[in-house]
Protein chains: 4
Amino acid sequence: MPANKKPTRAQQKAMRPLQILEAAFEEFIAKGFSATRVEDVAERVGVTKGTIYVYFETKEKLFESMVEYVSEPFKESFRGFVTKTDDPFEALESFLSFLFAQIVNERRMRELFRLVVSEGRTFPDMIDRHHDTFMEPVITRIDQIVDAGVARGIFRQKSAELPKVIMAPIIGTVVFRLIFDDRRPLDSDEVLSTHIDLLMNGLKQAMA
Amino acid sequence: MPANKKPTRAQQKAMRPLQILEAAFEEFIAKGFSATRVEDVAERVGVTKGTIYVYFETKEKLFESMVEYVSEPFKESFRGFVTKTDDPFEALESFLSFLFAQIVNERRMRELFRLVVSEGRTFPDMIDRHHDTFMEPVITRIDQIVDAGVARGIFRQKSAELPKVIMAPIIGTVVFRLIFDDRRPLDSDEVLSTHIDLLMNGLKQAMA
Amino acid sequence: MPANKKPTRAQQKAMRPLQILEAAFEEFIAKGFSATRVEDVAERVGVTKGTIYVYFETKEKLFESMVEYVSEPFKESFRGFVTKTDDPFEALESFLSFLFAQIVNERRMRELFRLVVSEGRTFPDMIDRHHDTFMEPVITRIDQIVDAGVARGIFRQKSAELPKVIMAPIIGTVVFRLIFDDRRPLDSDEVLSTHIDLLMNGLKQAMA
Amino acid sequence: MPANKKPTRAQQKAMRPLQILEAAFEEFIAKGFSATRVEDVAERVGVTKGTIYVYFETKEKLFESMVEYVSEPFKESFRGFVTKTDDPFEALESFLSFLFAQIVNERRMRELFRLVVSEGRTFPDMIDRHHDTFMEPVITRIDQIVDAGVARGIFRQKSAELPKVIMAPIIGTVVFRLIFDDRRPLDSDEVLSTHIDLLMNGLKQAMA
DNA sequence: CATGAATGAGGTTTCATTCAT
DNA sequence: AATGAATGAAACCTCATTCAT
């Protein structure tokens with residue numbers, strides 16, 4: 001069963017948009033929307049400029065489709081994430097581990113953040129969608145876990161911004177890695193466990 | 001003591017570079033390096049393209065000078081920051097308050113982060129300088145405070161990444177504000193006090 | 001006698017070129033040669049670009065074939081036109097009525113004129129053919145009628161350019177309709193009868 | 001008093017738009033709007049593409065400005081045209097001579113007609129303006145002359161479309177020259193005098 | 001110092017045409 | 001016969017930069 005050297009035309013056609021989106025991702029995160037040339041994307045795929053326009057109407061549409069494309073895996077795995085425990089500590093730890101794995105340690109997600117920060121002003125829709133499908137659900141989930149902990153007298157009365165304070169180190173770590181990871185790598189697992197450790201103590205302490 | 005209605009021509013002349021840097025800042029943060037036109041900067045100042053080139057050799061140099069320019073105030077105030085207490089809790093709280101005031105609540109600093117994230121790949125020097133004059137000193141200072149606390153048996157044994165975990169929420173909050181503040185404003189003071197509160201409890205707990 | 005619901009595939013096939021020529025006509029008169037896309041023509045027929053090239057080698061050839069195609073009906077009817085009278089007045093009136101019916105009041109012929117005017121410089125052959133198969137025969141026929149009238153002492157001695165002067169209002173009316181008919185419709189019948197009336201009097205008068 | 005070899009920069013600047021409009025006219029009439037390249041216009045002026053865009057925002061705007069520019073002389077001379085006689089025959093003859101001189105025998109005006117015919121569908125404004133500033137005033141003037149003649153019992157009762165019938169040969173002759181003049185030149189003066197002669201007889205006849 | 005006309009390289013997009021299926 | 005993916009040449013337009021005034 002030898003590997004298929006040449007894909008059929010039908011296979012080729014089905015793959016093209018994906019190939020282009022992959023290439024677009026790499027180019028856009030490397031140079032930003034404006035400084036990326038459509039031709040760069042084409043070259044990376046191994047086709048000519050015109051081919052890009054067979055699949056995407058404009059550079060803007062290509063960018064937006066690409067953002068959609070790289071956002072999908074997280075949305076998918078978030079939908080599939082279920083807490084298996086009733087213990088608020090374990091629930092929080094479990095969810096934070098999940099977020100670290102899916103966001104901090106996923107290059108795609110880290111770079112997606114770069115784009116949200118850098119191109120958000122030019123693509124407000126992206127911000128809205130990112131908020132609605134990412135930030136809002138995540139914050140809400142944290143909120144629920146904290147609420148449950150508070151209701152059961154395990155966590156202390158929460159502050160209004162507590163969910164964001166719990167979330168902030170994740171965003172911070174993402175950005176830290178985006179900026180400095182090349183020269184100052186950071187031990188993500190250590191950061192995660194430290195963050196959790198701090199949180200567990202910080203939240204529990206109230207009960208003392 | 002007459003009000004200075006019109007600056008003299010000499011004063012005007014001396015201000016030109018500053019005006020240009022201010023204008024450049026606004027344009028570059030709004031559209032990014034690549035999408036900003038030198039003419040946009042000129043228009044904002046009220047001069048013509050050519051004038052920009054009287055003071056700055058290239059668009060790149062203008063950008064770099066602008067980053068330098070908006071970075072200065074933080075460096076200045078950081079140099080002037082002294083801890084007046086020996087108590088590690090107070091020292092940490094004091095320093096975090098300082099960072100919130102100087103970074104999270106300073107539009108210039110927030111937007112500077114946007115540029116570091118978005119243009120860092122194109123301007124590696126900026127990243128290096130930002131690391132050396134901003135991140136490194138800040139982390140070091142946190143480290144010192146934590147070390148002091150540990151040495152005096154007030155804080156528990158610290159993790160290697162603890163300073164970054166303490167710093168991360170600040171970066172995270174900056175980025176949160178950069179991205180969502182327009183539609184989901186966040187109560188910075190509440191975030192600060194919650195963060196400090198959590199930290200105090202989290203760190204102290206070790207002693208229990 | 002069942003209605004022919006669907007043409008057979010063979011019939012379909014035979015019709016393709018005609019359908020394409022029809023579509024090409026509509027597109028070319030609407031946007032001109034250069035601004036018309038081969039794909040527009042294809043879409044109008046309901047096929048894809050490639051199909052056009054099955055029947056026509058290039059866009060130019062398509063255009064030329066189309067001009068040929070829409071010119072045919074006039075040539076046909078002109079060949080079939082016979083003067084049934086000996087009276088020069090009646091002959092002239094009859095021929096002018098024929099020309100109005102076939103040219104001024106025929107959308108195809110009017111639009112053909114638009115193409116001759118607009119694309120003539122790019123397609124000199126079209127001009128030549130239009131001259132040889134249209135203008136020249138028509139002018140000649142007018143000339144013959146006038147000659148006959150002069151020979152029989154009914155019309156006055158003609159001017160060298162008289163046939164063109166007789167013809168010019170027809171072209172003028174065509175162009176008037178091409179340009180302004182949408183907002184300033186013109187009563188073709190009234191124009192025809194006025195033109196004839198004027199001519200009859202103008203030509204006859206000489207004899208007085 | 002030697003000729004000024006090099007115009008000053010100020011002179012140059014004042015002339016540029018005119019030079020460009022002249023060049024645009026020649027290019028647009030030769031190839032039509034769509035097939036004309038901005039670079040062709042630039043080359044004809046002896047500057048580069050970019051220079052065109054210093055003076056005209058888009059190719060469309062350039063086209064429209066050019067139409068405006070070449071229309072002006074006729075509007076000017078039409079405003080200056082006054083009939084010096086009370087005799088309707090003379091008035092009509094005088095006006096038709098004027099129109100032949102200004103329209104039929106003016107290359108600019110002839111070619112303007114080509115553009116109206118060929119680009120009218122793409123530039124409806126041009127049609128409107130051409131109607132309002134050219135066709136309508138001319139037709140109105142003819143109408144007035146004819147009315148005066150009828151009122152004084154010199155011309156017969158006019159037909160509703162008579163002014164257009166009087167005007168049509170002029171448009172027809174223009175178009176004839178546009179299309180065929182290269183290979184079948186036409187004697188404009190002869191056409192004019194024949195047209196006038198025919199008209200005079202045709203109109204006067206009523207009195208008999 | 002300041003201007004702004006001019007440049008020209010380069011970017012996005014279009015489209016006639018080809019060709020494997 | 002018909003398709004439509006792919007090409008690549010070329011068009012429109014932009015903009016950093018220069019330089020004579």
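The analysis underlying the following values was restricted to heavy atoms, covering all of them including side chains, and did not include hydrogens, waters or symmetry mates. In what follows, chains carry the letters A, B, and so on, assigned in the order in which the sequence lines appear, proteins first and then strands, with residues in each chain numbered from 1.
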message: Run the side-chain hydrogen bond (donor to acceptor under 3.5 Å, both in side chains) test against D/Ser34 and tell me which residues pass, sequence neighbours left out.
response: C/Ser34
task: Check salt bridge (Lys or Arg N to Asp or Glu O under 4.0 Å) between A/Glu119 and all other residues, then give those that pass, not counting sequence neighbours.
output: none
message: Distance check needed: F/dA6 C1' versus C/Tyr53 OH, whole Å only.
response: 14 Å
statement: note: D/Gln19, atom CD; E/dA5, atom P; distance rounded to Å ~ 14 Å
- prompt: Do B/Phe113 and A/Ile179 touch side chain to side chain, with heavy atoms closer than 4.5 Å?
  reply: yes
query: Are more than 12 heavy atoms from other residues, nucleotides or ligands located less than 6.0 Å from atom CZ of D/Arg44?
result: yes
- request: With sequence neighbours excluded, tell me which residues meet side-chain contact (heavy atoms from CB on, under 4.5 Å) with A/Glu22.
  value: A/Tyr69, A/Arg108
message: Reading DNA chain F from 5' onward, which residue's closest nucleotide shows up sooner: D/Glu39 or B/Ser34?
response: D/Glu39
message: Test of understanding: with side-chain hydrogen bond (donor to acceptor under 3.5 Å, both in side chains), list the residues that count as partners of B/Asp182, not counting sequence neighbours.
response: none
field: Earlier contact from the 5' end, DNA chain E, for D/Val47 and C/Phe33
entry: D/Val47
- line: To the nearest angstrom, the CD-C1' distance between B/Glu57 and F/dA16 comes to 14 Å
query: Roughly, in whole Å, what's the span from CG in D/Asp40 to P in F/dA11?
result: 7 Å
statement: Taken to the nearest whole Å, NZ/A/Lys59 to P/F/dC13 is 18 Å
message: Please give the stem ranges for DNA chain E, sorted by first residue number, where a stem is three or more consecutive Watson-Crick or G-U pairs and both donor-acceptor distances are under 3.5 Å.
response: E:2-21 with F:2-21
field: Partner residues of B/Val45 under the side-chain contact (heavy atoms from CB on, under 4.5 Å) criterion, sequence neighbours left out
entry: B/Arg16, B/Gln19, B/Ile20, B/Ala23, B/Val47
task: Using atom CD of D/Glu60 as one end and atom C1' of F/dC13 as the other, report the distance to the nearest whole Å.
output: 12 Å
- request: Enumerate the residues from residues 20-27 of chain D whose closest heavy atom to DNA chain F is under 4.0 Å, giving them by residue number; use none for an empty result.
  value: none
task: Rounded to the nearest angstrom, tell me the gap between atom CD in A/Glu43 and atom P in F/dG8.
output: 12 Å
field: salt bridge (Lys or Arg N to Asp or Glu O under 4.0 Å) partners of D/Glu64, counting only residues at least two apart
entry: none
task: With sequence neighbours excluded, tell me which residues meet salt bridge (Lys or Arg N to Asp or Glu O under 4.0 Å) with C/Arg110.
output: none
message: Quick check for you: among F/dA6, F/dT17, F/dA2, whose closest atom lies nearest to any side-chain atom of C/Tyr55?
response: F/dA2
task: Would you please test C/Arg107 and C/Glu26 for salt bridge (Lys or Arg N to Asp or Glu O under 4.0 Å) and show each step?
output: CA-CA 11 Å; C/Arg107 176 169 173 268; C/Glu26 295 298 338; 2.8 Å; yes
Give me the distances for all protein-to-nucleotides 8-10 of chain E N/O pairs that come in under 3.5 Å?
unit_1, atom_1, unit_2, atom_2, d
E/dG10, O6, D/Lys49, NZ, 3.0

task: Sequence neighbours left out, what pairs pass ring pair (Phe, Tyr, Trp, His ring centres under 6.0 Å) with at least one residue falling in residues 29-49 of chain C?
output: C/Phe28-C/Phe33, C/Phe33-C/Phe63, C/Phe33-C/Phe123
message: Output the rounded distance in Å from CD1 (C/Ile52) to P (E/dT17).
response: 12 Å
message: Restricting to salt bridge (Lys or Arg N to Asp or Glu O under 4.0 Å), what partner residues turn up for A/Lys31, sequence neighbours left out?
response: A/Glu27, A/Asp40
First encountered from the 5' end of DNA chain F, between B/Ala35 and C/Gly46: C/Gly46
